[in-house]
Amino acid sequence: MKKVLLIEDEKNLSRFVELELRHEGCDVTVAYDGETGLYMANTQDWDVILLDLMLPGMDGIEVCRRTRLIKQTPIIMITARDSVSDRVTGLNCGADDYIPKPFAIEELLARMNVIFRRQDEQRGNAVSELSCRSLSVNLDAREVRLGGEEIELTKREYDLLVTFMENQGRVLSRETLLDKVWGVETAVDTNVVDVYVRYLRNKIDASKEESFIKTQRGIGYVMSR
């Protein structure tokens, strides 16, 4: 059963879409404002998010942008505004697709099915190992090896390492790392990121190699390939 998060403040429309999707066998949860939708988007796993552009509290563009800092859940933007600039803005902030109101439920279902098929194909070819120079991570076994020798990491160190491995060459801010590894609702200060990066470096940096994780002053960290 596909899990769908619908973030839509128009009660009649949200109820109609919810009933139609449930009829198609989806598990649907509805949020009626941007802040609630953002919290639900980032604290649970969804197969797709249907996101209205105009929302009370926080608009859909901001919800999409903040969700993309943490999750890669497919997002279909739904809105009555159908100008080219609105579509471009929605896609540039991280939306996967865009459907204007009013829409036929058949079209929405077709767009969702394209995403579901892509997800199924990706799961069939899921990456089971990440590597960077002499460092490798077996995601299935949660096993980390450096030069062929296994090293022990705590859960937090492992999650931090996987985040770096999945974003090699990309500078990650402390705030982004905090959101991805500790969670969007954490009350932990960003200084804890520096502490755990130091712990991780002590375990994965070989004496003859440059550090895997480099500091970008005033910005954050990057894993060098």
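Sequence positions, counted from 1, serve as the residue numbers for this chain.
Under the 4.5 Å side-chain heavy-atom criterion for grouping Ile, Leu, Val, Met, Phe, Trp and Tyr, Leu50 is connected to Ile105 within one hydrophobic cluster. Hydrophobic clustering places Phe16 together with Val28 (ILVMFWY residues linked when any side-chain heavy atoms are closer than 4.5 Å, directly or through intermediates). Residues Met40 and Met77 share a single hydrophobic cluster, defined by chaining ILVMFWY side chains whose heavy atoms lie under 4.5 Å apart. Under the 4.5 Å side-chain heavy-atom criterion for Ile, Leu, Val, Met, Phe, Trp and Tyr, Leu139 and Met165 are members of the same hydrophobic cluster. Under the 4.5 Å side-chain heavy-atom criterion for ILVMFWY residues, a single connected hydrophobic cluster contains both Ile151 and Tyr199.
Considering CG of Asp205 and CD1 of Ile213, their distance stands at 7.0 Å, rounded to 0.5 Å. Residue Tyr196 holds its OH atom at 11.5 Å from CG of Leu178, rounded to the nearest 0.5 Å. To the nearest 0.5 Å, atoms SG (Cys64) and CG (Leu38) are separated by 10.5 Å. Going from atom CG of Leu177 over to atom NZ of Lys180 covers 8.5 Å, rounded to the nearest 0.5 Å. Rounded to the nearest 0.5 angstrom, Lys11 NZ and Glu18 CD are separated by 11.5 Å. Arg111 contributes atom CZ, which lies 12.0 Å from atom CG of Leu109 (distance to the nearest 0.5 angstrom).
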With side chain to side chain contact (heavy atoms under 4.5 Å, CB included) as the criterion, how do Leu161 and Ile204 come out once you've worked through the C-alpha distance, each side chain's angles and the decisive distance to 0.1 Å? CA-CA 9 Å; Leu161 176 61; Ile204 67 174; 4.2 Å; yes
Let me see the working for Ile61 and Leu53 under side chain to side chain contact (heavy atoms under 4.5 Å, CB included), right down to the final yes or no. CA-CA 6 Å; Ile61 296 297; Leu53 179 62; 3.2 Å; yes
What verdict does the side chain to side chain contact (heavy atoms under 4.5 Å, CB included) test give for Leu51 and Ile78, after you've listed the backbone C-alpha separation in whole Å, the side-chain angles of each residue and the deciding distance to 0.1 Å? CA-CA 6 Å; Leu51 175 61; Ile78 301 175; over 6 Å; no
Between Met58 and Arg66, does a side chain to side chain contact (heavy atoms under 4.5 Å, CB included) hold up when you go through it step by step? CA-CA 11 Å; Met58 180 185 298; Arg66 294 194 187 188; 3.6 Å; yes
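Because its NZ or CZ atom is not both nearer than 6.0 Å to the ring centre of Phe212 and within 45° of the ring axis, Arg201 does not count as a cation-pi partner of that residue. Both the sub-6.0 Å distance and the 45° axial angle are satisfied by Lys2 relative to the ring of Phe116.
Using a 4.5 Å heavy-atom threshold, the side chains of Thr29 and Val4 count as separate. A heavy-atom distance below 4.5 Å is found between the side chains of Arg142 and Asp159. In this structure, Lys203 and Leu153 have side chains that are in contact, with non-hydrogen atoms separated by less than 4.5 Å. Here the side chains of Leu172 and Tyr221 are not in contact, with every heavy-atom distance at 4.5 Å or above. At least one side-chain heavy atom of Met112 sits less than 4.5 Å from a side-chain heavy atom of Leu21. The shortest side-chain heavy-atom distance between Leu55 and Tyr32 does not fall under the 4.5 Å cut-off. Between Ile99 and Thr79 the shortest side-chain heavy-atom distance does not fall below 4.5 Å. Contact annotation: the side chain of Ser136 never approaches that of Val144 to less than 4.5 Å [non-hydrogen atoms, C-beta and beyond].
Side-chain N or O atoms of Trp182 include none that pairs as donor or acceptor with a backbone N or O of Val193 at under 3.5 Å. At least one donor-acceptor pair closer than 3.5 Å links the side chain of Asp59 to the backbone N or O of Glu62. One N or O on the side chain of Gln168 and one on the backbone of Ser131 form a donor-acceptor pair closer than 3.5 Å. Formation of a donor-acceptor pair under 3.5 Å by the Glu24 side chain with backbone atoms of Cys26 is not found in this model. For the pair Glu157 (side chain) and Thr154 (backbone), a donor-acceptor distance under 3.5 Å is present.
When every heavy atom of Ile49 is checked against every heavy atom of Trp46, the shortest pair comes out as CG1-CB, 4.4 Å. Nearest heavy atom pair, residue Arg133 against residue Ser224, reads NH2-OG, 3.2 Å.
Under a 4.0 Å N-O distance rule, the pair Arg198/Asp194 does not qualify as a salt bridge. One finds a salt bridge joining Arg145 and Glu143 here, because a Lys/Arg side-chain nitrogen approaches an Asp/Glu carboxylate oxygen to under 4.0 Å. Classification of Lys101 and Asp52 as a salt-bridged pair holds, one side-chain N sitting under 4.0 Å from a carboxylate O. Taking 4.0 Å as the cut-off between side-chain N and carboxylate O, Asp96 and Arg68 count as a salt-bridged pair. In this structure, Lys3 does not pair ionically with Asp45, as no charged nitrogen and carboxylate oxygen lie closer than 4.0 Å.
Counting heavy atoms of neighbouring residues, nucleotides and ligands inside a 6.0 Å radius, atom CG of Asn12 does not exceed 12 of them. Crowding of Gln72 atom CD: a count of heavy atoms from other residues, nucleotides or ligands under 6.0 Å exceeding 12. Atom OH of Tyr158 sits in a crowded spot, with more than 12 heavy atoms from other residues, nucleotides or ligands closer than 6.0 Å.
Checking each of Leu5, Thr67, Val63 against Ile75 for a side chain to side chain contact (heavy atoms under 4.5 Å, CB included) leaves exactly one that passes, namely Thr67.
A donor-acceptor contact closer than 3.5 angstrom is absent between the side chains of Thr176 and Asp179.
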